[in-house]
Protein chains: 2
Amino acid sequence: MTLRWSLDTSTETRPTRVEVCRDAAKIPGYLDRAEVAAFYDRGDTGASMVTPPRDAGRHGGEITRGGGTMGNAGGVGAAKGRARATDEAGDTSAAQGRTPAPGEAAGTGAQEGRSPTMADIAAYLGMSRQTVSLVLGEAPGPSAETRERVKAAAERLGYRPHLGAQALRRARSTDIGVVFTPSHATEPEVLDGVYPAAAAHGCGVIVSPQTATRSTADAVAELLGHRCSAIVVIGSDLRRAALDDLARRIPVPLAHVGYGRRNALYDVVRSAGDTGIEAVVDHLVGLGHRHIAYVHTPSLTPTHVRRTGYRRAMRRHGLGEEIVAEQGAVAEEAGAVAARGILDGGRLPTAIVAANDQAALGVVETLLRHGVRIPEDVSVTGFDDAPLARFSFLDLTTVNQDAGRLGTAAVEAVVRRREDPGREPVETVVPTTLVVRGSTAPPGPTAGRR
Amino acid sequence: MTLRWSLDTSTETRPTRVEVCRDAAKIPGYLDRAEVAAFYDRGDTGASMVTPPRDAGRHGGEITRGGGTMGNAGGVGAAKGRARATDEAGDTSAAQGRTPAPGEAAGTGAQEGRSPTMADIAAYLGMSRQTVSLVLGEAPGPSAETRERVKAAAERLGYRPHLGAQALRRARSTDIGVVFTPSHATEPEVLDGVYPAAAAHGCGVIVSPQTATRSTADAVAELLGHRCSAIVVIGSDLRRAALDDLARRIPVPLAHVGYGRRNALYDVVRSAGDTGIEAVVDHLVGLGHRHIAYVHTPSLTPTHVRRTGYRRAMRRHGLGEEIVAEQGAVAEEAGAVAARGILDGGRLPTAIVAANDQAALGVVETLLRHGVRIPEDVSVTGFDDAPLARFSFLDLTTVNQDAGRLGTAAVEAVVRRREDPGREPVETVVPTTLVVRGSTAPPGPTAGRR
DNA sequence: ACTTCGTGTGCTCGTCCTGAG
DNA sequence: TCTCAGGACGAGCACACGAAG
């Protein structure tokens, strides 16, 4: 009957619109330093609470939009505010004249704050819980008509299976836990591969981010708390020894996406970085390049296998290697430093192969600032086919990793091992594709000169 | 007694190391086209399975490392492999001489495939489940000695609370659900703020990514399945109307981080983008700039409020506005297009304020390619203080968003509303900081010329 | 009396809460 | 002041039941 989450505005509190700029207290119309301090009750620590003061509204009126569905006892008008016609609208104006009609989730029997359960559906339809369970679990048994009725009722009542209860009842939930580092470029696309693959096996997915303040171990611990039946680690900052330890300690199969070698503890899924870079070198040699330098980023583990590809290809073509290795966790910076080193080193190569797109960006930027034209003077390539490689101003020849397939392969690997625990972990190498764009060209007449 | 996840290598399957490059079949030593096809049983579709063939090992030996802890019946030697001394080692060598001693999780009473429960701990110690529950729940009652014993036993047995069971037992789990888009620059840092804030309230966090194949609605549905007590949406591609709908439909408080205005349906947490940009303009004016252009990216909703800041500041300084708006979801590209427009437009401004760091990158790159020096000829600024702003080759003056505090504030907002459902949603504006770097300088003698 | 189909009963998963000893 | 017995949360599984063929 009523929305379960009540929002009636009977209280008097009308939180105020507050705007603060930390270091611009002199801007007229804004809070001064003392008010800023009061605004943040516990000072400047990250985890502190941000409490709006009772009434600091000195600029602009409050913007109050109607609560919609329910009584709205306090009489706060639906469109009282909108004092400032600022320009951040941009939204479709479809919802403007919207009537305050409730959503379709009109309650029909569900109790107050509780989500409806299978028992609620059963009671609503006058049948048993088990029949409902069979229908929603897609199990054979119930008649077509019963199925229809149950599904309609579930929809109508806004039923959602309680994932916690499911995990509890099934000895171990079928879910697959995924640890990933949200700041890395290719990992979101890997996730895109994980979800459909898991769904194809009837598994759910629980994601646990590894961030600056949350180690991989923390993330895995949480996943185990959800009783995941398998764990996929994407990327991660762990070194081999730590990953081995982790795999040994946890009671479910583990797969690692990104790098690593075949081993007895966990599955490994990675791109064919070596052959990818080989294809790059072949491409450059085909254009006529002979002096090809490689920018290596040793701190990024997945790039080691790429260097192998560079070496192999150069040897195969009978060309001399020139590897510039730059430490530093940030690839762009490493690329920039490497490029400066190359510029200082006298004779310029006609092509520079970077271990990834980020490093290539650093290389390109640095060369540009020194008046080197790309690709007329120097061809530059990357690896990853990250979004930035596609920008018109970079237009980077690079190697596309099939990120989605990395995710899929990882799921396949752990599911196989979950179903057959005796099975040995495998290494899956996913092929890559050379993507030729505008940053490579045959060496021009001025190429290699300074 | 034994590891729960058995890994004895008694089978004969020795999966093979396989390397494939999709479009480089001519590289000697690698699989040819036909083999590639066989390698991928279901062709080239993204979700297909990757199955290693039984024996394709024609190059390099298998790398087999000992399984460690358990019997290793098949007699596969611990260091038999390592055929190719490739160079991707890089790991700490600490684990090399590791003895195969089992991890500390030696079973003491836990059954086969099951994780230990409170009842297991109780049985192990000869006490009741409830006492264990009280200790692990940090509830008053049990004596110090009992606490000690229980905690030691929990540690020893490798106990982890069953999050699903907790969620089931507590009417509604205390967890906070977070929807986020892993590809966006600032969102990982927002997550860093969410975790400690939730922990401070004794809440867990469940994360649900919104990706190319998974809508915000999907992500929220999953979180509701976990019976989260509140939901925080970071960024998201939803327009205002869709967000309103979402907030109306779900039975728990919702907060949105990124943009939006105060409203009756959900909490809004955003940076003070307007005052942030005002500080940028003040900084530039202080350096002596008078002709300051603004690059606007209308498709990115959070930037609208920033444009307001630009306008306000320019008006305050009595300067004329010059706004270049570029559609296009990719900010870098929009920046590049805007810069080309500015270059074509005749007189160059002495400073360009971009709506975000990505757009600034596009501006800088494009200017550089046209021989414009930064900051000598044109100063450029961004917004976000993304990692790229710190690169030596960009060294971008920008505005730092306190991403962690955005996350914290969102948690505070929904927790407040969860505990007091009658409360009205608030808008929290988190202050920003101007970060001056090398991309801004007083206008030089050649500034503004072409 | 035998399947086959559709449905209902009872118990269990791990945790936490009420109340009693 | 400390400890514990019993039960519930939501879903799923094994099984038993009644009605058709």
Side-chain angles (χ1 to χ4, degrees), chain A residues 110-150 153-154 157-175 202 204 224-229, chain B residues 109-150 154 157-175 202 204 224-229:
Chain A
Q111 299 193 8
E112 277 278 32
R114 234 191 57 219
S115 293
T117 72
M118 286 191 176
D120 292 331
I121 298 176
Y124 177 66
L125 293 174
M127 54 175 70
S128 76
R129 312 191 305 276
Q130 187 47 23
T131 305
V132 175
S133 173
L134 288 175
V135 172
L136 298 179
E138 301 293 353
S143 65
E145 193 219 327
T146 310
R147 306 194 98 85
E148 208 51 51
R149 287 181 61 214
V150 169
L157 295 178
Y159 172 78
R160 312 222 105 259
H162 191 308
L163 298 179
Q166 286 183 333
L168 175 61
R169 179 53 214 170
R170 313 200 232 263
R172 178 171 291 285
S173 97
T174 60
D175 288 351
L224 290 180
H226 284 290
R227 296 299 184 270
C228 288
S229 60
Chain B
Q111 298 194 11
E112 277 279 32
R114 234 190 58 219
S115 293
T117 72
M118 287 191 177
D120 291 331
I121 298 175
Y124 177 66
L125 293 174
M127 55 175 68
S128 74
R129 319 190 301 277
Q130 293 69 21
T131 307
V132 174
S133 173
L134 289 175
V135 172
L136 298 179
E138 301 293 354
S143 66
E145 192 217 326
T146 310
R147 304 196 100 87
E148 207 51 52
R149 286 179 62 211
V150 169
L157 296 178
Y159 171 78
R160 312 220 105 262
H162 191 308
L163 299 178
Q166 286 183 333
L168 175 60
R169 179 53 234 211
R170 312 202 233 263
R172 179 170 291 285
S173 98
T174 61
D175 288 350
L224 291 179
H226 283 290
R227 294 300 184 272
C228 289
S229 59

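Computed from heavy atoms alone, side chains included, the values below leave out hydrogens, waters and symmetry copies. These figures come from a predicted structure and were not determined experimentally. Per chain, numbering begins at 1; letters A, B, ... match sequence-line order.
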Side-chain donor or acceptor of A:Arg169 under 3.5 Å from a matching atom on the base of C:dC13?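 No such pair is found, so the answer is no.
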
Do B:Gln130 and D:dG6 have a side chain to base donor-acceptor pair shorter than 3.5 Å?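 Flag set: donor-acceptor pair detected.
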
Without decimals, in angstroms, what is the distance between [X] [atom1] and [N] [atom2]?
{"X": "A:Leu125", "N": "C:dG6", "atom1": "CG", "atom2": "P", "answer": "17 Å"}
{"X": "A:Leu163", "N": "D:dG10", "atom1": "CG", "atom2": "C1'", "answer": "11 Å"}
{"X": "A:Glu148", "N": "C:dG6", "atom1": "CD", "atom2": "C1'", "answer": "17 Å"}
{"X": "A:Leu136", "N": "D:dA11", "atom1": "CG", "atom2": "C1'", "answer": "11 Å"}
{"X": "A:His162", "N": "C:dG14", "atom1": "NE2", "atom2": "P", "answer": "16 Å"}
{"X": "B:Leu157", "N": "C:dG14", "atom1": "CG", "atom2": "C1'", "answer": "15 Å"}

Does [X] make a side-chain N or O approach to OP1 or OP2 of [N] shorter than 4.0 Å?
{"X": "A:Thr146", "N": "C:dT7", "result": "yes"}
{"X": "B:Gln166", "N": "C:dC16", "result": "yes"}
{"X": "A:Thr131", "N": "C:dG8", "result": "yes"}
{"X": "A:Ser128", "N": "C:dT9", "result": "no"}

So, taking the atom named NE2 in B:His162 and the one named OG in B:Ser115, what distance separates them when rounded to the nearest 0.5 Å?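 Reported to 0.5 Å precision, the distance equals 8.0 Å.
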
Value rounded to 0.5 Å, distance of CG in A:Leu163 from CG in A:Leu168: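 One gets 12.5 Å once the value is rounded to the nearest 0.5 Å.
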
By nearest heavy atom, map A:Arg129 and A:Pro142 onto DNA chain C; which one lands nearer the 5' end?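 Upstream on the strand: A:Pro142.
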
Which donor-acceptor pairs under 3.5 Å do the side chains of residues 131-141 of chain B make with protein atoms, sequence neighbours left out?
unit_1: B:Thr131; atom_1: OG1; unit_2: B:Ser128; atom_2: OG; d: 3.2

Side chains of B:Asp175 and B:His226 in contact at under 4.5 Å (non-hydrogen atoms):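 B:Asp175 vs B:His226: side chains apart.
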
Side-chain heavy atoms of B:Arg149 within contact of B:Thr146, under 4.5 Å: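 No; the side chains remain at least 4.5 Å from each other.
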
The criterion is side chain to side chain contact (heavy atoms under 4.5 Å, CB included); which residues satisfy it with A:Ala119, sequence neighbours excluded?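 Once residues adjacent in sequence are excluded, the partners of A:Ala119 under the side chain to side chain contact (heavy atoms under 4.5 Å, CB included) criterion are A:Thr117, A:Arg129.
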
Base, sugar-phosphate or nothing for B:Thr117? Non-hydrogen atoms, less than 4.0 Å.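 It contacts sugar-phosphate atoms only.
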
Students often get this wrong, so: under 4.0 angstrom with heavy atoms, is A:Leu134 touching a base, only sugar-phosphate, or nothing?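 Base contact.
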
What does the B/S/- profile of nucleotides 16-21 of chain D look like, 5' to 3', with a 4.0 Å heavy-atom cutoff to protein? ------

